[in-house]
Amino acid sequence: MTSLPETTQRKLGLVIDLDTCVGCHACVIACKGWNDAQYGAPLSDQEPYGANPTGTFLNRVHSYEITPPHGQAQLVHFPKSCLHCEDAPCVTVCPTGASYKRVEDGIVLVNEADCIGCGLCAWACPYGAREMDKAAGVMKKCTLCVDRIYNENLPPEDREPACVRTCPAGARHFGDLGDPDSDVSQLVAARGGFDLMPDLGTKPVNKYLPPRPKDQWQETDILAPFLDPIADTPQGFLGWLDRALERL
Amino acid sequence: MHPAPSVIIFTTFSGLGFGLLVFLGLGLPPVTGWVAFVFFVIAFALAVGGLLASTFHLGHPERALKAFRQWRSSWLSREGIAAVAALIVMGIVALLAVFFDSRIAALGWIGAALSLATVVTTAMIYTQLKSVPRWHQALTPLHLVSASLAGGALLAGQITSAQILLALAGLIQIAHWARGDRRFAEAGQSIASATGLSEAGRIRAFAPPHTGTNYLLREMVHVVGRKHAQRLRIIALGLGYALPLGLILVPGASHGLGGLAVLSHLLGMLASRWLFFAQAEHVVGLYYGARGERIGAC
């Protein structure tokens with residue numbers, strides 16, 4: 001049923017720290033690696049070694065240049081995957097019931113056996129979180145690694161989404177955002193986590209942490225005045241050498 | 001949005017077909033026998049042909065029957081149900097009219113209502129999308145329904161209705177364009193709201209997530225041909241509304257002129273529908289720097 005549940009018991013999701021993300025794209029590769037061989041159809045590539053390579057990804061990292069009113073421009077790397085919205089517009093538009101939001105943990109999933117590949121859910125998503133796989137003809141999206149997080153065949157430390165597990169910068173956090181006492185909720189509260197395009201009313205579960213303001217150049221420059229050149233024109237022996245060389 | 005031929009053909013032809021079915025259901029004209037046969041064949045060919053075209057863009061057309069299940073939440077599902085119901089009821093109306101020279105008025109009205117409902121549900125599929133501000137406005141269903149009824153009246157040979165409806169639909173078309181041009185700005189989404197980084201400073205898309213292209217860019221950040229938009233609008237308005245209106249205003253208009261009016265209307269509507277998709281901008285483009293240098297401009 002593609003009607004959304006009134007509430008979900010938990011709100012599993014990601015918290016992405018834009019301050020620490022270094023833009024290495026390891027999460028993109030880990031995501032593709034895991035989801036290529038697990039839940040549903042593989043994530044196909046078209047012309048991977050050709051002139052126009054394209055492919056299906058569930059997680060992509062954008063990069064933005066931020067120029068503050070004062071100070072240096074700053075590069076912010078911006079990983080983006082499904083936000084597992086509480087009011088997910090992608091779910092309600094689905095004509096077949098293939099798209100659904102789980103009552104137990106709030107994960108938005110696609111039952112690929114029911115997907116007719118109409119693409120309307122991808123149109124409805126403002127975030128570009130869904131991509132139609134060209135080879136399989138079904139809609140692919142982040143599963144929050146539903147086949148890892150409950151998987152008792154994996155060691156406990158691996159029972160989190162592949163992107164979170166692999167992130168070398170610790171910029172990705174996974175947990176229950178419906179529980180105000182959870183680590184991720186505390187982190188969001190402490191760092192001022194925010195929603196993407198909140199006005200659209202999708203109520204995303206995933207949160208983003210803003211980049212911290214960078215140190216000012218002036219503040220680190222305490223000793224710099226002592227390093228200024230004392231005289232523009234050399235004096236004494238060096239002055240004589242300078243003039244002598246000029247004359248040559 | 002990507003102006004896929006399958007959806008342009010679908011919305012144009014089935015819109016016209018269901019528009020004609022509305023008039024045939026109302027008994028305008030009250031045809032029976034062979035004349036009814038010709039009218040219903042045209043209507044069903046347009047409506048069913050359009051619906052079949054719409055399945056061409058599906059990844060798995062063989063699972064299309066599953067799309068009838070989610071009428072509680074999905075406008076696409078409601079459209080499928082309305083279309084099948086309209087075709088069944090109007091099929092019975094057609095059988096009675098063609099082979100038994102009889103008409104049951106109430107059944108015709110139900111068929112007309114279902115045909116109209118089909119066009120409304122099609123329109124709502126686009127109107128519901130907050131992610132595409134140009135479509136997310138009250139004029140979208142008015143535009144698609146008025147265009148469908150004007151075309152239907154034209155095909156049904158209802159000259160007076162067609163005159164009024166063509167003029168009305170043309171005005172709604174202009175209003176839909178004018179309002180649509182402002183919708184993206186009104187929706188208030190920008191690269192700042194998309195990334196949530198507005199407080200940090202001025203934001204510029206520095207690098208996309210990939211070296212090539214992707215499904216999102218192909219499907220939703222399509223920009224080809226927008227530079228001819230104004231010219232195409234004039235063509236759509238001229239061929240779709242003005243010329244057919246002029247042709248049927250000729251006193252004692254013949255079938256030849258009527259046919260020309262229908263052809264002109266069809267070509268104009270194809271141009272209009274192409275613009276409907278090609279000019280619609282999806283907010284996901286903001287993540288890729290669309291409108292980045294033109295914030296505030298339309």
Side-chain angles (χ1 to χ4, degrees), chain A residues 1-3 18 25 28 52-57 60-69 73-76 78 80 89 91-98 114-120 122-128 131-132 134 136-139 194-201 208 210-211 213, chain B residues 1 54-55 57-64 66-80 125 128-132 187-189 191 193-197 199-216 218-220 282-289:
Chain A
M1 179 49 65
T2 55
S3 297
L18 298 177
H25 290 239
V28 178
N52 298 302
T54 67
T56 312
F57 287 82
R60 293 181 183 269
V61 180
H62 295 254
S63 296
Y64 298 102
E65 180 196 68
I66 316 289
T67 312
Q74 183 182 348
L75 203 56
V76 173
F78 193 94
K80 185 162 61 64
V91 169
T92 50
V93 299
C94 178
T96 69
D114 277 357
C115 176
I116 58 172
C118 69
L120 189 57
W123 284 13
C125 173
Y127 308 107
E131 299 189 15
M132 180 105 75
K134 216 167 185 176
V138 294
M139 196 54 70
F194 58 83
D195 290 342
L196 305 186
M197 295 199 262
D199 296 344
L200 293 181
Y208 282 79
Chain B
M1 305 296 284
S54 74
T55 62
H57 79 280
L58 296 181
H60 283 278
E62 78 281 5
R63 298 176 187 162
K66 295 187 176 191
F68 295 108
R69 298 195 300 208
Q70 301 300 325
W71 51 272
R72 285 185 192 85
S73 70
S74 168
W75 281 106
L76 182 52
S77 191
R78 288 170 198 162
E79 181 203 37
I125 293 171
Q128 69 178 334
L129 298 174
K130 284 185 186 172
S131 50
V132 185
Q189 299 305 326
I191 194 169
S193 70
T195 61
L197 295 169
E199 283 171 28
R202 195 162 52 80
I203 310 158
R204 190 166 69 96
F206 184 79
H210 40 71
T211 51
T213 182
N214 67 20
Y215 169 77
L216 303 169
R218 285 192 298 269
E219 184 75 11
M220 286 169 268
H282 195 288
V283 293
V284 76
L286 296 169
Y287 287 104
Y288 291 86

Student: Calculate, to the nearest 0.5 Å, the distance between atoms CD1 and OG1 belonging to Ile116(A) and Thr55(B) respectively.
Tutor: 9.5 Å

Student: What are the two closest non-hydrogen atoms of Met197(A) and Ala194(B), and how far apart are they?
Tutor: CG-CA, 3.6 Å

Student: Any heavy-atom pair between the side chains of Gln189(B) and Leu200(A) that's under 4.5 Å?
Tutor: yes

Student: Among Gly201(A), Pro69(A), Ala122(A), Gly119(A), which has the most heavy-atom pairs under 4.5 Å with chain B?
Tutor: Ala122(A)

Student: At a heavy-atom separation under 4.5 Å, does Arg218(B) approach chain A through its side chain, its backbone, both, or neither?
Tutor: side chain

Student: Count the heavy-atom pairs under 4.5 Å between each of Ser63(A), Pro53(A), Pro211(A), Gly55(A) and chain B, then report the option with the highest count.
Tutor: Ser63(A)

Student: Looking at side-chain heavy atoms only, is the closest gap between Met220(B) and Trp123(A) below 4.5 Å?
Tutor: yes

Student: Is the ring pair Tyr288(B)/His62(A) parallel, tilted or perpendicular, if the boundaries are 30 and 60 degrees?
Tutor: perpendicular

Student: With a 4.5 Å cut-off on heavy-atom pairs, point out which of Ser193(B), Ala205(B), Ala207(B) contacts chain A the most.
Tutor: Ala207(B)

Student: Can you confirm whether Thr92(A) sits close enough to Gln128(B) that some side-chain heavy atom of one is under 4.5 Å from a side-chain heavy atom of the other?
Tutor: no

Student: Taking all heavy atoms of Ser131(B) and all of Pro126(A), pick out the closest pair and write down the distance.
Tutor: CB-CA, 4.0 Å

Student: Roughly how far, to the nearest 0.5 Å, is the CE atom of Met139(A) from the NE2 atom of His60(B)?
Tutor: 11.0 Å

Student: Check each atom of Ala136(A) against the heavy atoms of chain B and say whether the ones under 4.5 Å are side chain, backbone, both or neither.
Tutor: backbone

Student: Between Leu58(B) and chain A, which part of the residue has a heavy atom less than 4.5 Å away: side chain, backbone, both or neither?
Tutor: both

Student: Of all residues at least two apart in sequence or in a different chain, which pass the side chain to side chain contact (heavy atoms under 4.5 Å, CB included) check with Asp195(A)?
Tutor: Pro198(A), Pro204(A), Lys207(A)

Student: CG of Leu18(A) to OG1 of Thr195(B): how many Å apart, nearest 0.5 Å?
Tutor: 8.5 Å

Student: Do you know which of Ser77(B), Ser54(B), Ala64(B) has the most heavy-atom pairs under 4.5 Å to chain A?
Tutor: Ser77(B)

Student: Side chain, backbone, both or neither: which part of Tyr208(A) has an atom under 4.5 Å from a heavy atom of chain B?
Tutor: neither

Student: Is any side-chain heavy atom of Val28(A) closer than 4.5 Å to a side-chain heavy atom of Pro209(B)?
Tutor: no

Student: Between Cys115(A), Pro89(A), Ala73(A), which residue shows the highest count of heavy-atom pairs closer than 4.5 Å to chain B?
Tutor: Cys115(A)

Student: As an exercise, state the distance from CZ of Phe206(B) to CD of Glu65(A), rounded to the nearest 0.5 Å.
Tutor: 6.5 Å

Student: Which bit of Asn52(A) is near chain B, if near means a heavy-atom gap under 4.5 Å: side chain, backbone, both or neither?
Tutor: neither

Student: If you count heavy-atom pairs within less than 4.5 Å of chain A, which of Ile125(B), Leu216(B), Leu197(B), Val132(B) leads?
Tutor: Leu216(B)

Student: List the atom of Cys118(A), the atom of Leu76(B), and the distance in Å for their closest heavy-atom pair.
Tutor: SG-CD2, 3.7 Å

Student: Keeping Tyr64(A) on the side-chain end and Tyr287(B) on the backbone end, is there a donor-acceptor pair under 3.5 Å?
Tutor: yes

Student: Set out, in order, the CA-CA distance, both residues' side-chain angles and the distance that settles side chain to side chain contact (heavy atoms under 4.5 Å, CB included) for Asn214(B) and Phe57(A), then state yes or no.
Tutor: CA-CA 9 Å; Asn214(B) 67 20; Phe57(A) 287 82; over 6 Å; no

Student: What distance separates Cys94(A) SG from Lys66(B) NZ, expressed to the nearest 0.5 Å?
Tutor: 11.0 Å

Student: Using heavy-atom distances under 4.5 Å, tell me whether His282(B) contacts chain A through its side chain, its backbone, both, or neither.
Tutor: side chain

Student: Using the salt bridge (charged side-chain N to carboxylate O under 4.0 Å, His left out) criterion, which residues pair with Lys130(B)? Sequence neighbours excluded.
Tutor: none

Student: Of the non-hydrogen atoms in Gly201(B) and Ile66(A), which two are nearest, and what is the gap between them?
Tutor: N-CG2, 3.7 Å

